[in-house]
Amino acid sequence: MPRIILHVDMDSFYASVEELRNPGLKGRAIVTCMFSGRSKDSGAVSAANYKARELGIRSGMPIKIAKRLAKGKGVAFLPSDREYYREVSSRIMDILRREADEKREGVRGRLQSMFEQVSVDEAYLDVSRRSEGSWDSAREIAESIKRKIREKENLTCSIGIGPNKLVAKMASRAQKPDGLTLVKDSEVQGFFEKIPAAKLFGVGPQTAKVFEKLGIKTSKDLADYDLKKLEAVFGSKKGRVLQDTARGIDNDPVEEREAQQISRMATLKKDSDNPKDILENIRELARDIDLELKSKGLFYRTVSVITIDTHLQMQTRSRTTIESSSLSKNLDIAKELLEDFLEQNPGRMLRRVGIRVSGFSRKKEKKQRTLGDFPKEIECDKSHLPSKNA
DNA sequence: GCGGAGATGGACC
DNA sequence: CTAACGGGTCCATCTCCGC
């Protein structure tokens, strides 16, 4: 059964939302920033609109560099307000969710959207059924989505359409902003051949460096490369995945995924190796995580402490307990993990610290299970229904 | 050999 | 003149250990 998948990607989302929020900014170059607070312009760029990109400003860039590029050009630098962006995002996701196919989960399961939000500004939609296998009607669905987002939120997005998530993703990237790119099965090979291997989804700076050594430049080079050799260099799993990627092959289903972990990080006001200092920060982060856990009704088994030192080297320490757990317990463990770390790394100054919880479950103690965990017979009382055998 | 636990690295937004 | 640098998530892999 061939699929038709849409990848919807909001255009420079944070910056665009800020532009709407403050009419005085209309038409200007806008950069949203995560200020770390340790010095005036310490931190990184989280988003830059297209006017700002024309100046060479990119997300992930240190704010100081962005400001140098922006010198005298009237660029607006704003602090990121992620809570607000999440609100706007959830309205957009509500629009998108309704455009995806529906499917029944399990035997008598509830209706579920074939929809997958991948980040605050991106989502995949499976529209195979709605479009009845017609690329033209998939294109109409995409156009209608773009129209709705523009009408309701006054924002633009770029949409890629393809036979799987990978192709849809690469397609949405191909034309931005406000783009719509359709790559049907018969066009996948030609479309991928034009893409440099380093630009493929899942290929970052490290992998690109190895490609260079191997003489792999284009996706075609990678697609035609000896699989055994790739697997020898990258490991069997990654080698295989890389070659599939270069060929536009991907069978990953569109489905909503449960969070596997929740973490919070913060930059210290000053580099430090003082447990008291650091623990103070971790305490705040743990409180925040605790709130989110409570609101989601989740329990966890594993706590990790993450440290990033002055050379930006990251290390982690984690511990798994029988069952979670209160905030205070969480903090006790974090404290021990941190103390272990500091003992084992005397003199190492930390720049940032974080805490992470994972290994989630919904059940409280041993017994209480969710409905889905119960065997069928006791799922519900059917005695009021007419008997099958009657 | 297999699983979980723990640590690390790479990638993406 | 150079270096400058957030926060969050997912996944794979390696090692170690008990079974």
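Here is how names work: the chains are called A, B, and so on, in the same order as the sequence lines, proteins then strands, and each is numbered from 1.
Within residues 47-84 of chain A, no residue is approached by DNA chain B to less than 4.0 Å at the level of any non-hydrogen atom.
Among the protein residues, A:Ser304 comes within range of no part of the nucleic acid, since none of its heavy atoms lies under 4.0 Å from any strand. A:Val203 comes within contact range of the sugar-phosphate backbone alone, with a heavy-atom separation under 4.0 Å but no base atom that close. Within the nucleic acid shown, A:Thr316 comes within 4.0 Å of at least one base atom, counting heavy atoms only. Heavy atoms of A:Phe35 sit nowhere under 4.0 angstrom from any nucleic acid atom. Here A:Ile308 lies out of heavy-atom contact (under 4.0 Å) with every strand. Among the protein residues, A:Asp41 comes within range of no part of the nucleic acid, since none of its heavy atoms lies under 4.0 Å from any strand. Within the nucleic acid shown, A:Arg264 comes within 4.0 Å of sugar-phosphate atoms alone, with no base atom in reach, counting heavy atoms only.
The side chain of A:Lys237 has C:dA12 as its nearest neighbour among B:dC13, C:dA12, B:dA11. With distances taken from any side-chain atom of A:Arg173 to the nucleotides B:dA7, C:dC5, B:dC12, the minimum falls on B:dC12. Side-chain proximity of A:Ser318 to B:dA7, C:dG6, B:dC13: nearest is B:dA7. Closest contact between the side chain of A:Ala259 and the listed nucleotides C:dC10, C:dG6, B:dA7 involves C:dC10. Among C:dT9, C:dG8, C:dG6, the nucleotide with an atom closest to any side-chain atom of A:Met265 is C:dG8. Of the candidates B:dG6, B:dC12, C:dG7, the closest approach to any side-chain atom of A:Thr267 belongs to C:dG7. The side chain of A:Glu122 approaches B:dC13 more closely than any other nucleotide in the set C:dT9, B:dA7, B:dC13. Considering only the side chain of A:Arg317, B:dT8 comes nearest among C:dG8, B:dT8, B:dA11. Closest contact between the side chain of A:Arg301 and the listed nucleotides B:dA7, B:dA5, B:dG6 involves B:dA5.
Separating the CG atom of A:Leu337 from the P atom of B:dG6 is a distance of 9 Å, rounded to the nearest angstrom. Between A:Phe234 atom CZ and B:dG10 atom P the separation is 11 Å, expressed in whole Å. If you measure from atom CZ of A:Phe201 to atom P of B:dG10, you get 17 Å, rounded to the nearest angstrom. Rounding to whole angstrom units, CD of residue A:Gln261 and P of C:dG8 are separated by 12 Å. Per the geometry, CG belonging to A:Leu312 stands 16 Å off C1' belonging to B:dG10, to the nearest Å. The CD1 atom of A:Ile355 sits 15 Å away from the C1' atom of C:dG8 (whole-angstrom rounding). Rounded to whole Å, atom P of B:dG6 lies 14 Å from atom OH of A:Tyr300. As a whole-Å value, the separation of A:Gln313 CD from B:dA7 P is 16 Å.
The shortest distance between the side-chain N/O atoms of A:Ser46 and the OP1/OP2 oxygens of C:dG6 is not below 4.0 Å. Contact check, A:Gln206 against B:dG9: no side-chain N or O comes under 4.0 Å of OP1 or OP2. Note on A:Lys169: a side-chain N or O is less than 4.0 Å away from OP1 or OP2 of B:dC13. Using a 4.0 Å cut-off, some side-chain N or O of A:Arg351 falls inside it from OP1 or OP2 of C:dG6. Contact annotation: A:Ser263 does not reach the phosphate of C:dG8 (side-chain N/O to OP1 or OP2, under 4.0 Å). Listed pair A:Thr320 / B:dG6 meets the phosphate criterion, a side-chain N or O lying under 4.0 Å from OP1 or OP2.
Heavy-atom nearest nucleotides on DNA chain C were determined for A:Ser42 and for A:Arg356, and the one closer to the 5' end corresponds to A:Ser42. Nearer the 5' end of DNA chain C, as judged by each residue's closest nucleotide, is the contact made by A:Glu258, out of A:Glu258 and A:Lys238.
Salt bridge annotation for A:Lys146-A:Glu143: absent, with no cationic side-chain nitrogen under 4.0 angstrom from a carboxylate oxygen. We find that A:Lys237 and A:Glu231 are not joined by a salt bridge, their nearest charged nitrogen and carboxylate oxygen being 4.0 Å or further apart. Between A:Asp290 and A:Arg287, none of the side-chain N atoms (NZ, or NE/NH1/NH2) sits under 4.0 Å from a carboxylate O, so this pair counts as no salt bridge. Salt bridge annotation for A:Asp9-A:Lys176: present, with a cationic side-chain nitrogen under 4.0 angstrom from a carboxylate oxygen. With respect to the salt-bridge test (charged N to carboxylate O, under 4.0 angstrom), the residues A:Lys276 and A:Glu280 do not qualify.
Taking the six-membered ring for Trp and thresholds of 30 and 60 degrees, A:Tyr124 and A:His7 have ring planes inclined between 30 and 60 degrees apart.
With A:Leu268 as the fixed residue, the side-chain contact (heavy atoms from CB on, under 4.5 Å) test singles out one of A:Asn274, A:Asn281, A:Asp277: A:Asn281.
Aromatic pair A:Tyr14/A:Tyr85: centroids less than 6.0 angstrom apart.
For the pair A:Arg21 and A:Tyr84, the distance from NZ or CZ to the six-membered ring centre is under 6.0 Å and the angle to the ring normal is within 45 degrees.
Between the C1' atoms of B:dC12 and C:dG6, the separation comes to 14 Å (whole Å).
Looking at residues two or more places apart in sequence or on another chain, you find a side-chain hydrogen bond (donor to acceptor under 3.5 Å, both in side chains) between A:Ser36 and A:Ser42.
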